[in-house]
Amino acid sequence: MSNAKDKRIKRLKKKRIWPSILGLFIITFIFCIMIVALLAVAGVDVTQRKLVQSNSRAKTISAVFEKYDGEQKQKVEDSVLTYLELAPEIEAVWVADANGNKVWASSNMAPDSQKASEFMWSDEEVMHLIVEEDLGEILVFEEDNIEINENIFSKMDVFTIIKSGIFFSNEKESALIHIRVWFLQEVKDLEVYVLQDICIYAYDFLMLIMSIVMFGIMIAAFILYYLISFISVIVSMRKTTKIIYTDLITGGNNWLHFVKRGTGLLKRKSASNAYAVIHIKMRKYRSFCTCFGVKEGEELIENLYHVLKKNIKHNEAMAHKENAEFGLLLTYTDERQLCARIEAVERAMDAVLPKMKLYFAVGIYKVQQKERDIEQLYNNALLACDMLGEEAENQIAFFDVEMNKQRLWERKVEDDMDAALANREFQVYLQPKISTAEENLAGAEALVRWIHPQDGFIPPNKFIPIFERNGFILKLDDYMLEEIARQQAEWIRQGRRVVPISVNISRAHFAKEDLAEHICSIVDKYRVPHEVIELELTESAFFDDKKVLLQTVKKLRDAGFIVSMDDFGAGYSSLNSLKELQLDVLKLDADFFRGVDVQERGLLIVSEVIDLAKKLNMKIVAEGIENREQVDFLTEQECDLIQGYFFAKPMPVREFEEKYKEV
Ligand code: C2E
Ligand code: CA
Ligand code: CA
């Protein structure tokens with residue numbers, strides 16, 4: 001798989017998960033920070049308010065000592081004691097003169113800055129607050145700043161407070177925190193110390209707790225939202241993955257799935273496990289759709305897919321590729337076993353449509369050790385399958401290195417062919433046909449040669465089959481026909497005796513209903529009598545649309561062209577076709593005269609065929625004749641013409657012109 005493709009798929013699948021998780025973390029983190037900040041701010045605020053309150057109480061008491069002299073002394077002391085009874089948070093009052101000597105005290109408690117549980121606080125002075133019990137230092141006053149010790153908050157566990165019922169209680173014992181502080185006020189020449197127990201209760205934080213709860217609910221909603229979106233991302237991710245890997249026609253695995261799974265299987269493959277990548281396609285699927293409709297075609301594909309699926313083992317992979325083509329990755333032991341398995345699968349697939357015979361073409365690539373690029377391997381299987389052509393039968397082809405070379409060659413031919421035609425790189429060679437009666441020139445066949453600027457001389461079997469597959473043969477045959485028509489016109493103008501020259505008309509032309517008109521228009525450009533042009537049709541053309549073929553042949557013969565059947569006996573010889581179709585010439589394929597063991601039988605058939613052709617009023621041309629015995633035999637059998645290396649090989653037009661100028 002290409003890197004870019006790989007990345008695109010990964011991106012599609014991974015989308016949006018991380019932002020959701022990150023969002024969740026960020027929100028929780030912000031929530032915690034805000035709670036800590038709120039607690040800090042509220043803690044400072046509550047403590048400060050309490051301290052200010054206590055300080056003003058201390059001021060009130062101190063003010064009483066303004067009138068503290070001999071006369072009022074007792075009265076002042078009494079009223080202070082009464083005040084102390086009313087204000088339980090005041091534990092003691094201690095008064096000293098300017099020298100620090102005790103003047104009066106409410107009890108025997110006296111300020112002592114060394115004592116850990118008591119501290120001093122006055123308006124002017126900056127003092128240390130040392131905390132009782134194990135809290136450590138809660139507040140540190142420095143000028144106007146108050147810093148807070150976080151330990152204080154760890155003591156304030158909201159749930160324990162609510163559970164223990166002390167939340168709404170203002171009993172001294174239920175206070176969360178006690179801070180005992182001596183407040184100092186200077187009155188006239190006296191120093192008044194007031195010891196207060198500052199209590200901080202849970203309900204002092206009521207507003208804070210309420211807002212934390214509200215805030216908590218909000219955050220919980222947020223977290224819930226993120227959780228839901230996180231889950232929905234996972235769900236949609238799974239959905240996306242499913243869509244990515246599902247084939248729309250069959251509902252099964254698609255190509256991407258095949259590549260992923262196949263690559264995985266090949267990675268895990270052990271040395272003892274042999275795999276083969278297989279391309280299997282139903283032949284003539286397009287024709288099926290034309291006859292029965294695309295929907296039915298797709299239904300058929302779906303059914304074929306399910307048949308294949310049933311035949312796949314757990315450590316194998318398969319997918320629908322396109323049209324009626326499927327990719328398989330199968331394990332196998334040897335070629336025979338693999339072919340047998342494929343044939344069994346083909347039979348099962350054929351059974352999908354009981355009233356119709358389905359044919360399949362199969363290309364196989366045997367995976368070598370360490371090969372993993374399944375797309376590349378599949379391409380090899382595809383190449384093997386392409387080599388099979390379009391025959392209507394079940395066939396299996398294995399990939400070999402030659403095929404790859406052939407494919408490269410094909411690519412080159414296809415790249416160069418248009419320029420070659422424009423640059424007249426295709427040259428006409430002529431091979432004479434010699435009459436058996438007089439052993440003189442009675443005709444010739446035009447055969448093409450490609451004189452490539454870089455590759456030099458290229459024989460037709462290296463490019464004609466390619467042109468036949470890609471349709472370029474139509475242009476080439478037209479070109480050859482035109483060249484021959486032009487050449488014949490020139491020779492006629494020169495006053496030479498001309499013999500019929502045949503051109504090959506490839507099977508592909510017969511798809512055109514106006515082929516006869518088309519041929520006439522080319523030849524008529526040069527005003528050449530049609531009798532000097534012979535048209536060689538290959539026998540395989542008879543397997544296509546017979547109606548068009550019969551019509552075309554009739555039109556051509558009516559127009560005066562000589563029409564011959566080429567390569568008779570090479571493929572599926574059918575004497576029947578001879579009866580159906582009236583032709584002028586029958587060309588016996590060179591195969592009749594090859595091979596030692598078949599010679600006798602072959603020659604027997606030749607004499608029979610010659611006999612039949614004579615009865616049908618046809619001329620006979622024997623091709624590929626290489627020796628005297630063959631010539632003698634054919635002469636004896638009254639074969640009309642002989643074309644073969646025995647007399648001459650195909651040669652350039654100028655050489656032909658020179659060699660037969662006396663005729
Ligand atoms: P074909 O039409 O059957 O042409 C006869 C082939 O047999 C020619 O091969 C010719 O050179 C060869 N041949 C003739 N006598 C002998 C002999 O005694 N021994 C041997 N071994 N071979 C002999 P060539 O020229 O290589 O052409 C091969 C095929 O390519 C042709 O078979 C024809 O099917 C195709 N072809 C050639 N030119 C054209 C063309 O212009 N158009 C089309 N459509 N096909 C062409
Ligand atoms: Ca021919
Ligand atoms: Ca031939």
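Both ligands and their constituent atoms are indexed starting at 1 by order of listing. If you're wondering where the values come from, they're calculated on a predicted model, not measured in any experiment.
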(message) List the residues meeting ring pair (Phe, Tyr, Trp, His ring centres under 6.0 Å) with Y645, not counting sequence neighbours, and say none if there are none.
(response)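 If we apply the ring pair (Phe, Tyr, Trp, His ring centres under 6.0 Å) test to Y645, skipping adjacent residues, there are no hits.
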
(request) Only one of K587, Q431, E536, E534 passes side chain to side chain donor-acceptor pair (under 3.5 Å) with S502; say which it is. (result)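 The single option meeting the side chain to side chain donor-acceptor pair (under 3.5 Å) with S502 is E536.
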
(request) Under the salt bridge (charged side-chain N to carboxylate O under 4.0 Å, His left out) rule, collect the residues that match up with E482, sequence neighbours excluded. (result)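 Checked E482 against salt bridge (charged side-chain N to carboxylate O under 4.0 Å, His left out); matches are K525.
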
Students often mix this up, so state it plainly: with edges at 30° and 60°, are the rings of [X] and [Y] parallel, tilted or perpendicular?
X	Y	result
F457	Y429	perpendicular
H320	F326	tilted
W450	F467	tilted
Y378	H279	perpendicular

(message) Could you tell me if K357 sits above the aromatic ring of Y359, with its cationic atom closer than 6.0 Å to the ring centre and no more than 45 degrees from the axis?
(response) yes

(message) What count do you get for protein N, O or S atoms closer to the Ca ion (ligand 2) than 3.0 Å?
(response) 4

(request) Enumerate the protein residues lying less than 4.0 Å from ligand 1, judged by heavy-atom distances, in chain and residue-number order. (result)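 Only Q431, E445, L447, V448, R449, P460, I464, I473, D477, M480, N504, S506, D566, D567, R594, E623, G624, I625, E626, G644, Y645, P650 have heavy atoms that fall under 4.0 Å of ligand 1, ordered by chain and number.
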
(message) Check for me whether the distance between the ring centres of W491 and Y660 falls short of 6.0 Å.
(response)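 Ring centres of Y660 and W491 not closer than 6.0 Å.
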
